[in-house]
Amino acid sequence: MTPLRFGEPGRQLFAVLHAPQSAMVRNHAVLLCNPFWPEAIRTHRLFRVLADRLARAGFHVLRFDYFGTGDSGGDEVDCTLSSWVHDIASASNLVMWESGLSSVTWIGLRLGATAAARACALGVVPVHLVLWDPVSQGAAYWREIEDAYAALTSDELLGQGPKKNLLNAASENNGGIEIFGSIMSANMLSEIQSISPDNFRIARPIKISVLSESRPQDQEALLNALDANGSSSRHVTLQSNIPWLASDAVNSALVPSASIDAIVQCVEQNA
Amino acid sequence: MSETVTAFGRTSQHIGTFCLPSPAIPRENLGIILFNAGVLHRIGPNRVNVRFARALAAVGISSLRFDLAGQGDSERSRNAGAFEAQAIADLQEAMNHFEQQHGLSRFVLFGFCSGGVHSFSTAQVDPRVVGLILYDTYIFPTLKARFRRYWASIQKKGIWVSGFGWAMRKWRKVLDVVASGGVGTPAPPIGNALFTWPTKREFIDKLNGLLARGVAICIPYSAGFQEYNYAEQFSDAFATSGLPERIESPFFAGADHTLTLLVHQRALIEYLVSWCLKRRL
């Protein structure tokens with residue numbers, strides 16, 4: 001495991017490169033794309049275990065933090081979904097440069113999956129795109145975030161402050177909103193709320209895997225959009241239904257082993 | 001302010017980030033060590049370690065935030081030592097690395113929640129530790145704290161439900177004492193069975209030992225645990241020990257344990273930065 005920072009001065013991103021830990025080294029790299037920040041804290045361990053597993057299967061793997069999140073430079077208020085998209089493209093270039101490979105799989109979790117799908121329009125296109133519980137309906141996702149945050153900051157848990165905080169957040173934070181321990185910019189909020197299956201139209205045909213616990217109705221629109229330009233997407237059913245934003249489990253760790261097994265298998269089959 | 005990634009330890013097994021003041025700011029001979037809070041990696045809950053490190057750098061204090069062996073981005077240790085002994089070794093390696101890389105020889109250990117157990121243990125054995133912050137780690141309830149807790153419970157649930165809960169807890173304690181042959185075991189202050197918790201007497205003796213060595217100690221509390229629920233609780237719990245006059249113990253009313261709201265993050269960080277500045281020589 002090699003930690004590093006990359007990107008322009010003043011806009012440095014933290015990353016960890018996992019070299020293949022197997023006699024059988026594959027000519028294929030994997031990039032892991034984090035979800036929204038409270039979920040990213042919970043899933044840090046999950047991504048570490050997933051990266052270790054993929055490295056043991058012979059892949060070069062890169063994990064990284066978007067600018068303004070995790071151990072990267074900047075603050076959360078500096079984030080937009082568009083900046084995440086550019087960070088993914090930069091990280092993809094980095095893992096290809098470091099490994100000397102041109103063949104890469106991107107694995108995006110939740111909002112990271114949405115950003116990864118959008119990044120496919122930037123020209124650095126992966127051979128295989130894995131969308132794990134992708135956010136394809138922004139308005140519904142934002143309601144989920146608000147509900148989880150409201151439960152976390154209820155009067156019972158925190159006294160009288162939070163509701164005032166939510167109500168006054170926009171004026172106190174230059175249009176941004178305080179959510180899960182940091183400020184989300186107005187731009188990011190707007191970008192999240194406007195996510196729709198149309199964001200998943202991939203410019204040129206690639207292999208796409210959508211992994212989720214069930215295949216609800218709203219995923220049909222997503223799969224149709226993914227296939228619109230000739231890509232061949234397939235749905236993989238995961239056995240675990242993970243409450244990514246559950247208020248009683250924020251700042252805890254998640255490592256769903258059955259899902260990790262399924263993802264490693266999915267990447268191996270498509271590399 | 002600059003942040004640089006670093007790997008250290010015998011096999012470069014520890015991964016961390018130095019956060020250093022800009023060259024224009026006079027640099028203090030004091031390094032702050034930040035590490036995991038429970039199972040979370042080195043950035044801390046709600047990224048509070050990152051914000052704390054940057055606030056420290058702004059006033060000239062360098063810090064290293066890193067992952068203990070087997071946690072976050074760090075590799076597991078190849079030693080088969082006990083968890084607590086390994087954590088002490090990890091913290092000492094972090095200080096060695098800080099010393100080698102940046103020439104600092106005086107350190108403050110920030111222990112967040114159970115991280116405070118490791119900071120407390122390391123301070124006992126390493127003279128380079130000149131300051132200790134134990135956030136929400138050791139909680140000793142007083143009679144007043146118990147009363148306030150039950151009063152809050154009665155207000156919320158009513159006297160009958162609260163009374164039944166109280167009776168069940170007492171009955172469980174009686175069963176524990178019977179099962180242990182009449183001796184009983186002290187309950188961990190924050191309900192964590194992973195660690196060896198000191199008795200109140202041991203805690204006082206160890207704190208006095210550190211104070212005698214010149215170690216500055218700050219023991220902040222959030223309102224995240226029902227067992228600690230008013231500003232003067234530390235002073236009341238240790239009233240006759242002489243500790244309250246020598247140890248700062250701020251209470252952040254309204255703050256949850258993981259500091260979800262920015263107002264609480266900022267309050268704790270401002271307090272601790274100011275406290276650290278008082279430790280400089």
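Here is how names work: the chains are called A, B, and so on, in the same order as the sequence lines, proteins then strands, and each is numbered from 1.
The backbone N or O of Ser74(B) sits less than 3.5 Å from a side-chain atom of Arg48(A), completing a donor-acceptor pair. Panel note: side chain Arg51(B), backbone Asp75(A); no donor-acceptor pair is recorded below 3.5 Å. A donor-acceptor pair under 3.5 Å links the side-chain atoms of Gln265(B) to the main chain of Gly181(A), judged by distance alone.
Going from atom OG1 of Thr258(B) over to atom CG of Leu152(A) covers 6.5 Å, rounded to the nearest 0.5 Å. Note that CD1 of Ile43(B) and CD1 of Ile41(A) are 4.0 Å apart. Values are rounded to the nearest 0.5 Å. If you take CD1 on Ile179(A) and CG on Leu261(B), they are separated by 11.0 Å, rounding to the nearest 0.5 Å.
Taking the centre and axis of the six-membered ring of Phe14(A), the NZ or CZ atom of Arg42(B) falls inside the cone set by 45° and 6.0 Å.
Contact check for Met1(A) versus Ile15(B): side-chain heavy atoms found under the 4.5 Å cut-off. A 4.5 Å side-chain heavy-atom check between His44(A) and Asp73(B) finds at least one atom pair inside the cut-off.
For Thr2(A), no part lies under 4.5 angstrom from a heavy atom of chain B. Using a 4.5 Å cut-off between heavy atoms, Gln71(B) contacts chain A through its backbone alone, with no side-chain atom that close.
When Thr6(B), Val5(B), Val48(B), Thr4(B) are compared by the number of non-hydrogen pairs under 4.5 Å with chain A, Val5(B) comes out ahead. For the set Ala37(B), Ser2(B), Gly72(B), the entry with the most heavy-atom pairs within less than 4.5 Å of chain A is Gly72(B). Chain B forms more heavy-atom pairs under 4.5 Å with one residue of Gln12(A), Glu76(A), Arg63(A) than with any other, namely Glu76(A).
Of all heavy-atom pairs between Asn46(B) and Phe180(A), the closest is OD1-O, 3.5 Å.
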